[in-house]
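We use all heavy atoms of the structure for the numbers below, so side chains are in, but hydrogens, waters and symmetry mates are not. By convention in this document, chain letters (A, B, ...) are assigned in the order of the sequence lines, proteins followed by strands, and residues within each chain are numbered from 1.
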Protein chains: 2
Amino acid sequence: MNDDVAALARRMMQRLDELARFSDEEGKLTRLYLSKAHAEAARQFIVWCNEAGLDAKIDAAGNVFARYEGKEPGAPALMLGSHIDTVRDAGRYDGNLGALAALAVVEALASRGERLDHAIEIVAFGDEEGVRFPTTLTGSRAYAGLFARSALGQKDADGVTMREALAAFGCDPEAVTALRGRNIAAFVELHIEQGPVLESEDVAVGVVTAINGASRFHATVKGEAGHAGAVPMALRRDALAAAAEMMLLVEQRALSEDDLVATVGRVEIEPGAVNVIPSEARFTIDIRAPRDEQRQRAVADLSKRLAAAAAARKVELQMTQTHEARAYTCHPAIVAALKASVERTYRAPARLLPSGAGHDTMIMGQFCPAGMLFVRCNRGISHNPAESITLEDAEAGLAALIDFTRRFSAQAAPSGRATS
Amino acid sequence: MNDDVAALARRMMQRLDELARFSDEEGKLTRLYLSKAHAEAARQFIVWCNEAGLDAKIDAAGNVFARYEGKEPGAPALMLGSHIDTVRDAGRYDGNLGALAALAVVEALASRGERLDHAIEIVAFGDEEGVRFPTTLTGSRAYAGLFARSALGQKDADGVTMREALAAFGCDPEAVTALRGRNIAAFVELHIEQGPVLESEDVAVGVVTAINGASRFHATVKGEAGHAGAVPMALRRDALAAAAEMMLLVEQRALSEDDLVATVGRVEIEPGAVNVIPSEARFTIDIRAPRDEQRQRAVADLSKRLAAAAAARKVELQMTQTHEARAYTCHPAIVAALKASVERTYRAPARLLPSGAGHDTMIMGQFCPAGMLFVRCNRGISHNPAESITLEDAEAGLAALIDFTRRFSAQAAPSGRATS
């Protein structure tokens with residue numbers, strides 16, 4: 001059995017290398033939704049499904065599906081998979097690992113003619129990253145019946161609408177809003193962590209408890225410019241010094257609670273000369289937490305603290321919210337089952353952790369019980385060609401997913417949404 | 001007497017308005033060294049000197065001089081003046097006020113045929129701002145015998161060398177290095193404050209005690225990029241958060257002592273995306289103080305504190321010094337005499353303050369005893385068309401300068417340099 005999984009993991013890693021060749025940009029991996037590279041990758045994925053004895057099909061949103069029946073045809077299905085689109089100049093594991101792991105799980109069963117009480121639906125979603133069009137997670141959103149018709153009019157950088165791109169891909173754009181999967185008992189996604197937690201604790205596989213909600217703000221601080229030599233410190237209203245104080249307040253607030261993270265990722269100042277006191281500073285704040293209440297409390301606290309800092313320094317502060325996404329709590333029964341599978345196959349206590357990045361699971365969780373497994377990645381790097389995982393860790397993730405799939409019971413997972 | 005000064009101040013303000021018309025750029029005041037506008041302004045200045053009965057001449061560096069003899073021809077001279085070049089899109093008072101105030105002082109004496117024991121040399125230096133060529137303070141530097149021959153080869157933005165520009169202005173470039181003023185007992189410059197101190201204390205005129213020395217650095221902080229959602233706070237090496245802490249250390253150190261100022265005027269970060277932890281932050285530090293020892297102590301302290309902050313956060317810090325200028329302590333006898341003149345004419349205790357900006361006085365102080373008077377300016381604004389002073393304040397400054405000139409004794413001011 002372990003030899004089987006090792007062989008499957010090796011083939012999965014080879015396929016990830018092969019799939020990485022399908023790119024819209026020479027010399028790097030860039031595979032945008034509904035692009036030529038996406039079509040090529042989908043075709044290759046279908047070939048591999050066919051080789052495993054499965055029929056595969058593409059839905060109106062460009063998602064690839066292949067079904068492995070259970071003992072009884074038409075049984076409720078456990079859906080496994082992830083997405084096969086990438087960011088620009090991407091790594092080869094983000095998304096693609098989950099789609100190929102789903103296929104490997106079926107191959108593990110099919111190779112011995114093993115049928116379960118439930119079916120398995122493999123999925124390779126077409127858009128998760130949202131690089132080509134303004135919206136993200138189009139693939140799972142459409143499958144979950146959450147696609148907004150207005151998205152069809154969105155244009156890519158070349159002025160091509162999503163409607164036109166779908167038609168060029170061979171899909172019927174008018175059918176996308178009518179999509180909604182059926183008879184799915186649960187969705188489980190295997191994905192690289194995209195963070196350093198598992199690596200820092202020397203653990204190969206983790207079980208995701210929740211996908212962080214996020215709030216984003218643009219902050220603008222207005223002070224007064226002045227001569228860097230001629231204005232005494234006590235008479236200054238330095239916009240950058242005020243912003244620096246606020247950045248540390250953001251960091252301190254996030255450090256004060258487990259699982260809360262906050263980031264200032266951009267800053268720009270005016271006028272930006274070595275000998276002039278800055279008159280204006282603009283910066284972004286990104287706040288995430290696995291629980292909405294936790295995030296909202298942090299946002300409220302920070303709004304007060306930053307306003308107080310601005311008042312004390314006699315500078316103006318404007319904060320504009322630019323993004324808000326709710327957290328998704330993974331389904332407790334799925335989390336418990338994944339945890340048990342990890343402990344059974346990995347033979348150590350399973351690390352439970354929230355996901356800071358967004359995933360198809362957070363959309364699928366609005367449609368059916370859902371959960372995720374994380375595989376350790378090198379230095380937490382993703383969205384970068386340096387993204388990497390080891391064969392051993394891929395095998396550990398796959399072994400846990402196979403164990404989970406074998407033991408999964410469509411009856412045991414309460415249907416419907418389980419959110420915070 | 002007061003009526004005379006009021007009339008002279010009014011005329012001085014009118015002349016400042018007239019001089020502001022000589023610009024290299026339409027619709028704004030930009031008067032670069034050795035430009036057409038500079039030639040026109042110098043010519044106008046000479047016309048006004050001639051109208052006051054003085055001969056005027058232009059030296060090899062493009063500086064304008066006019067001499068008002070004392071009781072005995074050839075007596076040591078008190079030099080009064082400032083510069084008539086400007087920054088781009090400048091105000092009309094920076095520099096020009098001091099040159100026209102010097103002329104007004106002579107007019108105050110000449111109108112009554114009043115001759116002193118010393119002569120008066122009026123000067124309108126050609127370059128203080130250093131906008132056209134890389135070097136600053138070329139006018140006073142040349143007059144003080146401190147001009148470096150290599151500067152002749154410097155090019156402006158159009159590729160014109162200073163040598164060519166001098167020749168086009170009618171000067172002999174080869175004679176610049178041989179310049180050195182003679183028989184000057186002292187130099188005094190009237191200038192707008194370019195800071196908010198006098199305004200904040202409701203005082204029209206101040207006496208400068210020292211011109212700040214300055215040290216400038218480029219700091220580069222290197223941390224590690226990461227996903228803004230996926231990297232827990234405790235595992236981050238956020239270059240911007242580290243830089244923000246350093247910026248506050250810079251501010252706190254400057255706040256801890258009177259007269260010390262420090263400014264972070266530029267900041268740039270990489271990669272600069274709302275959802276990515278910054279991997280690199282680059283910022284400038286400008287530290288100034290009226291005493292070199294004070295500034296050097298602050299620099300040494302900050303170097304240690306920033307290094308400690310970097311070590312605590314496990315980020316790399318590189319600091320490169322980009323500029324170093326020593327402080328100039330105004331001549332004590334000149335400061336005392338200016339203080340007495342302000343108190344006599346303004347009838348209030350004189351405000352003594354350091355200058356944060358550089359001035360011709362700091363070069364002239366290497367050549368003869370030197371000092372400065374500051375006139376309050378609106379909101380401390382300079383290097384900007386919004387630069388402004390009131391007629392009343394101009395009159396107060398002029399009255400103090402006339403009083404100082406009348407009472408000045410070439411014998412009382414020890415010759416030679418008086419520096420920190």
Worksheet, complete the sentence: So CD of B:E128 and NE2 of B:H83: to nearest 0.5 Å the spacing works out to 3.5 Å
Worksheet item: For A:T263, is it the side chain, the backbone, both, or neither that has a heavy atom closer than 4.5 Å to a heavy atom of chain B?
Response: both
Worksheet entry | Most contacts with chain A, counted as non-hydrogen pairs under 4.5 angstrom, among B:T284, B:D286, B:V274 | B:V274
Item to complete: Give, for atom OG of A:S82 and atom CG of A:D94, the distance between the pair rounded to the nearest 0.5 Å.
Response: 7.0 Å
Worksheet item: With respect to chain B, which residue among A:V264, A:I287, A:L353 yields the maximal number of heavy-atom pairs within a distance under 4.5 Å?
Response: A:V264
Discussion item. For chain B, which candidate among A:V276, A:V261, A:D259, A:T322 shows the most heavy-atom pairs at distances under 4.5 Å?
Written reply: A:V261
Worksheet item: So which of B:A273, B:A281, B:P271, B:S355 has the biggest tally of heavy-atom pairs under 4.5 Å with chain A?
Response: B:A273
Fill in: Salt bridge A:E316-A:R237, side-chain N to carboxylate O under 4.0 Å
no
Practice prompt. Check whether A:R266 gets within reach of chain B through its side chain, its backbone, both or neither, counting any heavy atom under 4.5 Å.
Written response: both
Item to complete: Side chain from CB out, backbone as N, CA, C, O: work out which of these in A:I277 comes under 4.5 Å of a heavy atom of chain B, or both, or neither.
Response: both
Discussion item. Check this for me: does any side-chain nitrogen of one of B:E324 and B:R216 sit under 4.0 Å from a carboxylate oxygen of the other?
Written reply: no
Worksheet item: So what's closer than 4.5 Å to chain B heavy atoms on A:N212: side chain, backbone, both or neither?
Response: side chain
Discussion item. With a 4.5 angstrom heavy-atom cut-off, is it the side chain or the backbone of A:E224 that approaches chain B, or both, or neither?
Written reply: side chain
Worksheet item: Under 4.0 Å between a Lys/Arg side-chain N and an Asp/Glu carboxylate O for B:R282 and B:E280?
Response: yes
Worksheet entry | Residue B:D258 excluded, over 12 heavy atoms near CG under 6.0 Å | no
Item to complete: Nearest 0.5 Å please: distance from the CD1 atom of B:I285 over to the CD atom of B:Q321.
Response: 10.5 Å
Response to the item:
Cut-off 4.5 Å, heavy atoms of chain B, and the answer for A:V231 is both
Practice prompt. Return the option, out of B:M246, B:E268, B:R236, with the maximum number of heavy-atom pairs under 4.5 Å with chain A.
Written response: B:R236
Response to the item:
Comparing B:A228, B:G195, B:P232 against chain A, the one with the most heavy-atom pairs below 4.5 Å turns out to be B:A228
Worksheet item: Which distance, rounded to the nearest 0.5 Å, do you find between the CG of A:L240 and the CE of A:M247?
Response: 6.5 Å
Discussion item. With a 4.5 angstrom heavy-atom cut-off, is it the side chain or the backbone of A:L255 that approaches chain B, or both, or neither?
Written reply: both
Item to complete: Select all residues of residues 376-384 of chain B having any heavy atom within less than 4.5 Å of some heavy atom of chain A, and report them by number, or 'none'.
Response: B:R379
Item to complete: For the pair A:H359 and A:F374, name the ring-plane relationship: parallel under 30°, tilted 30 to 60°, perpendicular over 60°.
Response: perpendicular
Worksheet item: Who wins among B:A262, B:A243, B:A234 for the most heavy-atom pairs under 4.5 Å with chain A?
Response: B:A262
Worksheet item: How many angstroms lie between atom CD of A:Q296 and atom OG of A:S215, to the nearest 0.5 angstrom?
Response: 7.0 Å
